[in-house]
Amino acid sequence: MAESNYFYITTPIYYVNDKPHIGHAYTTILADVLARFHREKGDETFFLTGVDEHGQKVQQAAERAGIDPQTHCNKMVVYFKKAWEKLEITNDFFIRTTDGFHEKVVQEVLQDLYDKGKIYEHEYGGYYCVGCERFYTTKELVDGKCPQHLKEPEYIKEKNYFFRMSKYQDWLIEYIKTHPEFIQPKSRKNEVLGFLKNKLGDLCISRPKLRLKWGIELPFDSNYVTYVWFDALLNYITAIGYKQDEERFNKWWPANYHLIGKDIVTTHCVYWPTMMRAIGIPMPKTIFAHGWWMVDETKMSKSLKNIVKPLDLIDSYGVDSVRYFLIREMTLGQDSNFSEDIFIKRYNSELANDFGNLVSRIVTLIRKNFNSVVPKILIKGKEELKIIDNAKTLPEKVHNLIDNLHLNDAVETIIIFIRSINKYMELRQPWHLVKQNKQEAGTVLYTAAEGLRIAALLLHPIMPEKISTLLKAFPTADNQKNSFEWGTLKSGEKLGELPILFPRIIRKIEIMKEVENKGEELISIDDFSKVKLITAKVLAAERVPKTDKLLKLSIDTGEEKRQIVAGIAQYYNPEVLIGKTVIIVANLQPVKIRGTESQGMLLTAEKGENLTLLTTFDDLGPGSFIS
RNA sequence: GGCGGUGUAGCUCAGCUGGUUAGAGCAGCGGAAUCAUAAUCCGCGUGUCCGGGGUUCGAGUCCCUGCACCGCUACCA
């Protein structure tokens with residue numbers, strides 16, 4: 001597929017009344033990742049985001065706050081700008097619908113369409129419910145009342161301006177059908193086509209100032225402002241110079257992607273295309289609607305309370321890992337689940353274990369054995385060639401996936417390659433090899449490091465901060481910092497220092513938390529009697545191999561011999577325990593601890609760093625009951 | 001109600017135009033290893049591929065039907 005040299009991508013402009021939540025953050029990060037990919041590929045890129053500032057809700061919120069709407073917007077817009085800064089968003093412009101140039105162009109477009117008869121005025125009467133701020137048809141009313149508020153609506157006669165949207169219905173259906181990439185994913189395309197099976201009406205694009213003042217005034221009737229969506233959608237072209245700078249406009253338009261959430265499909269796939277058609281500009285290449293993040297099985301929404309604030313996530317886990325998770329976890333177009341649990345699993349297994357740990361082992365081996373100097377690659381064996389081959393084809397594979405918006409697959413492809421380097425290390429064992437054949441060990445480490453560099457570079461658009469840190473440590477020629485060419489890593493030069501990039505997230509022990517939360521709880525004698533405590537004699541004791549804390553005890557309970565694993569190796573040498581009487585929980589469910597079955601639990605007393613085993617005052621022999 | 005979609009291992013999902021013993025990651029179990037963030041590597045899955053019919057030499061993959069869930073839209077064709 002031939003790529004254009006220009007890449008223009010947009011997010012919706014967010015309604016300024018909301019505070020940024022994961023929904024906004026996701027779309028914006030997605031756009032950012034795509035924009036960065038294209039920039040790094042060499043495409044000239046323009047990435048637009050911004051806010052929608054007009055409309056009823058803003059007006060009302062300002063009234064409540066006792067300030068004018070513009071001041072209110074100025075205050076609110078900061079939340080978005082700050083959030084995007086924190087999320088490392090690299091938008092090229094941030095549009096506000098109150099920007100002077102935008103308002104001016106919107107008015108010009110309105111005038112233009114009006115002059116050409118594509119906007120007409122029409123007076124009609126209707127039942128208007130003040131609560132809903134909308135008209136109802138008689139059919140929609142229940143017993144003559146608004147079904148929402150159960151109040152009788154007012155009948156008002158009103159003149160309004162309409163955009164002849166209906167005229168474009170057949171054209172739009174045809175266009176969507178002949179341009180399969182126009183609306184994606186396919187399911188949304190079907191949805192729109194389904195919507196278009198119904199007769200499309202004309203779109204009311206005016207609001208009388210009596211009801212709404214905060215908007216862009218109609219140039220041909222100062223008693224009205226324009227409908228927010230008509231105003232908002234035009235941001236995609238006003239921001240790149242439409243009717244201001246034709247050259248700039250033509251450079252970027254048509255857009256490659258309008259990214260949207262699935263909640264605004266109709267406005268973007270029906271209203272906007274018909275508007276563009278009427279205005280006489282070509283259609284954007286693709287309008288892509290992504291799904292929702294579900295939190296605990298509930299839809300994320302502005303009106304619900306279960307909002308995971310992106311800024312909170314970042315504070316706990318870092319921007320880059322959150323960006324990684326969002327891109328990695330969601331199959332674009334579908335809904336995905338979010339929870340801290342899922343996040344931690346993904347983070348630990350892919351970022352900490354697979355990727356971060358690989359970085360550590362390579363860097364440490366080069367530091368210890370080659371004094372941090374990147375070794376030379378000498379004789380390439382079969383295994384080396386495999387890695388090199390894969391490293392060479394990886395960038396193209398990944399770029400293709402990204403061009404098709406298969407971002408999660410793209411990331412997975414990179415991770416699979418990273419895993420293959422771990423396998424390669426295991427196979428070639430440079431930590432042994434270095435003792436017998438240092439040059440060969442060098443070859444292995446170079447191969448691993450260079451493969452890692454290429455993989456990391458591909459992840460840069462997703463995790464700009466961490467990957468930059470990583471890449472800075474890898475010596476390359478200055479003009480080749482971003483090269484996917486195999487061999488860019490310079491032998492003979494020093495590797496920089498690297499911190500642990502993705503420290504493993506250690507989970508709090510849930511049980512401990514539960515106990516803390518419960519506080520002091522009184523139990524009955526029955527509860528206590530459920531625990532069968534008996535004395536036992538230690539017959540043998542030994543350390544569990546390869547552990548620091550565990551002892552394996554063989555004990556006599558009077559009736560039988562049992563094996564118990566206890567975490568007391570730091571307090572007792574095994575020998576001293578033999579022959580001692582201990583107290584055990586005898587009816588505990590057996591568990592395997594480090595592969596060794598434990599059939600009970602020793603009682604100990606613990607204070608600070610000290611620990612002592614419990615025993616009996618007099619010895620009654622093993623198997624005595626404790627109550 | 002109409003239109004569209006989904007239903008595959010404990011969990012999240014992949015399986016293109018029908019074709020060898022249905023796959024991946026995570027979790028779990030066993031082992032190897034110790035360069036590394038107790039990370040890594042190897043091995044281990046008898047799953048009614050939602051149910052029921054059918055087409056076919058052959059169906060998770062096509063057709064019909066039933067059920068469950070989701071999305072859009074709506075009581076109008």
Side-chain angles (χ1 to χ4, degrees), chain A residues 137 139-140 142 147 183 185-200 261-267 269-270 289-292 294 297-299 325 328-339 341-370 383 401 404 406 408-409 411-413 415-416 418-435 441 444-445 448-449 452 498-507 545-550 591-597:
Chain A
T137 62
K139 278 181 190 170
E140 286 174 311
V142 180
I183 298 172
K186 228 187 190 161
S187 52
R188 298 297 155 200
K189 184 182 92 174
N190 289 340
E191 219 172 88
V192 174
L193 285 172
F195 180 86
L196 288 170
K197 277 183 188 158
N198 301 307
K199 177 108 186 64
L200 196 58
K262 64 182 186 181
D263 51 334
I264 49 177
V265 166
T266 305
T267 48
C269 300
V270 178
H290 67 250
W292 297 120
M294 314 284 279
E297 307 289 304
T298 335
K299 175 168 104 181
F325 177 81
R328 172 70 174 103
E329 193 69 19
M330 183 175 270
T331 300
L332 216 49
Q334 294 181 331
D335 292 346
S336 290
N337 293 309
F338 178 88
S339 75
D341 208 61
I342 303 170
F343 174 87
I344 291 174
K345 271 185 185 153
R346 191 61 94 177
Y347 174 97
N348 275 346
S349 87
E350 292 179 1
L351 290 180
N353 298 355
D354 290 340
F355 183 53
N357 182 53
L358 178 63
V359 175
S360 292
R361 59 200 307 213
I362 291 174
V363 169
T364 307
L365 282 165
I366 293 181
R367 176 162 46 78
K368 283 187 180 164
N369 299 300
F370 293 87
E383 296 304 326
L401 287 167
N404 292 312
H406 293 148
N408 59 337
D409 287 341
V411 177
E412 189 174 6
T413 305
I415 288 292
I416 288 172
I418 286 169
R419 287 198 190 114
S420 80
I421 301 178
N422 269 322
K423 286 194 205 349
Y424 167 71
M425 294 278 284
E426 218 63 35
L427 212 68
R428 301 286 272 136
Q429 310 203 346
W431 50 93
H432 282 154
L433 209 50
V434 75
K435 292 168 198 155
V444 172
L445 288 175
L452 180 67
L498 268 178
I500 300 265
L501 287 174
F502 303 101
R504 242 182 106 74
I505 298 171
I506 313 287
R507 312 161 134 275
K546 300 175 202 169
T547 64
D548 298 329
K549 297 178 184 169
L550 301 184
V591 288
K592 276 200 176 163
I593 302 173
R594 296 284 292 184
T596 310
E597 181 159 287

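Proteins get letters first, then strands, A, B, ... in listed order; numbering begins at 1 in each.
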Rounded to the nearest 0.5 Å, how far apart are CZ of A:F338 and CE of A:M294? 14.0 Å
Can you figure out which of B:G71, B:U37, B:U73 approaches the side chain of A:L501 most closely? B:U37
Is there a side-chain contact (heavy atoms from CB on, under 4.5 Å) between A:N353 and A:R504? Walk through the geometry before answering. CA-CA 8 Å; A:N353 298 355; A:R504 242 182 106 74; 2.8 Å; yes
Residues A:V265, A:F195; criterion side-chain contact (heavy atoms from CB on, under 4.5 Å); working and verdict: CA-CA 11 Å; A:V265 166; A:F195 180 86; over 6 Å; no
Any strand counts, and the cut-off is 3.5 Å on both contacts for Watson-Crick or G-U wobble. Which nucleotide pairs with B:C44? B:G28
Distance between P atoms of B:A68 and B:G30 (Å, rounded): 43 Å
Could you check which nucleotide pairs with B:A14 in any of the strands shown, counting Watson-Crick or G-U wobble with both distances under 3.5 Å? none
Separation of B:U73 P from A:N198 CG (nearest whole Å): 10 Å
Could you tell me how far B:U34 sits from B:G15 if I compare only their P atoms? Round to whole Å. 41 Å
B:A77 pairs with, by Watson-Crick or G-U criteria that keep both distances under 3.5 Å: none
For B:C70 and B:U65, measure between their P atoms and round to the nearest Å. 23 Å
If B:G58 has a Watson-Crick or G-U wobble mate with both distances under 3.5 Å, name it; if not, just say none. none
Taking B:C72, B:U40, B:A36 as options, the one with an atom nearest any side-chain atom of A:N357 is B:A36
Does B:G51 pair with anything, Watson-Crick or G-U wobble, both distances under 3.5 Å, and if so, with which nucleotide? B:U65
Toward the 5' end of RNA chain B, by each residue's nearest nucleotide, A:H432 or A:G194: A:G194
Can you tell me, in whole Å, how much space there is between the C1' of B:G47 and that of B:G4? 29 Å
Figure out the CG/C1' separation between A:N353 and B:A39, and round it to whole Å. 5 Å
What's the gap between B:G18 and B:U55 when it is taken at their C1' atoms, as a whole Å value? 12 Å
Is A:K368 near enough to B:A36 that one of its side-chain N or O atoms lies under 4.0 angstrom from OP1 or OP2? yes
Measure CG/A:D341 against P/B:C11 and give the value in whole Å, please. 15 Å
Testing B:A36, B:G4, B:G71 for proximity to the side chain of A:R188, the answer is B:G71
Which of B:U37, B:C3, B:U73 is nearest the side chain of A:K197? It is B:C3
Quote, to the nearest angstrom, the C1' distance that separates B:U48 from B:A33. 41 Å
Using the P atoms only, state how far B:C63 lies from B:C3, rounded to an integer number of Å. 16 Å
Within the structure shown, what part of the strands sits under 4.0 Å from A:P503 by heavy-atom distance: base, sugar-phosphate, or nothing? base
Counting side-chain heavy atoms from C-beta on, which of B:U37, B:C26, B:C35 comes nearest to A:R361? B:C35
Go ahead and name the base partner of B:A38; Watson-Crick or wobble counts if both distances stay under 3.5 Å, otherwise write none. none
Do A:N408 side-chain atoms and A:R328 backbone N/O form a donor-acceptor pair below 3.5 Å? no
Checking A:N348 side chain against A:I505 main chain: does a donor-acceptor pair fall under 3.5 Å? yes
Are the side chain of A:T331 and the backbone of A:Q334 linked by a donor-acceptor contact shorter than 3.5 Å? no
Select one nucleotide: of B:U40, B:G71, B:G25, the one nearest the side-chain heavy atoms of A:E350. B:G25
Take atom CD1 of A:I342 and atom C1' of B:C26, then tell me their distance rounded to the nearest Å. 11 Å
In whole Å, what is the span from the CG atom of A:L433 to the P atom of B:U34? 14 Å
Return the value, rounded to whole Å, for the distance between atom NZ of A:K199 and atom C1' of B:C75. 20 Å
Atom CG of A:L193 and atom P of B:U73 are separated, to the nearest Å, by 14 Å
Taking for A:W431 and for A:V192 the nucleotide of RNA chain B with the nearest heavy atom, the one nearer the 5' end belongs to A:W431
Does A:K262 place a side-chain N or O at less than 4.0 Å from the phosphate oxygens OP1/OP2 of B:G71? no
Mind checking whether A:Y347 and A:F502 have parallel, tilted or perpendicular rings, split at 30° and 60°? perpendicular
Nucleotide of B:U12, B:G71, B:A24 approaching A:E329 most closely (side-chain heavy atoms): B:U12
With the side chain defined as heavy atoms from C-beta on, A:M425 is closest, among B:U37, B:C35, B:G4, to B:C35
For atom P, what is the distance between B:C49 and B:C62, given to the nearest Å? 15 Å
Indicate, with a heavy-atom threshold strictly under 4.0 Å, whether A:S187 touches base, sugar-phosphate, or nothing. nothing
Of the listed B:G4, B:U37, B:C35, the closest approach to the A:A352 side chain comes from B:U37
Separation of B:C13 C1' from A:N408 CG (nearest whole Å): 10 Å
Kindly say whether A:R361 contributes a backbone atom to a donor-acceptor pair with the side chain of A:T364 at under 3.5 angstrom? no
Just to be sure I understand the rule, does A:N369 reach a base, reach only the sugar-phosphate, or reach nothing, if contact means heavy atoms closer than 4.0 Å? nothing
Counting only Watson-Crick pairs (N1-N3 plus N6-O4 or O6-N4) and G-U wobbles (N1-O2, O6-N3), all under 3.5 Å, who is the partner of B:C3? B:G71
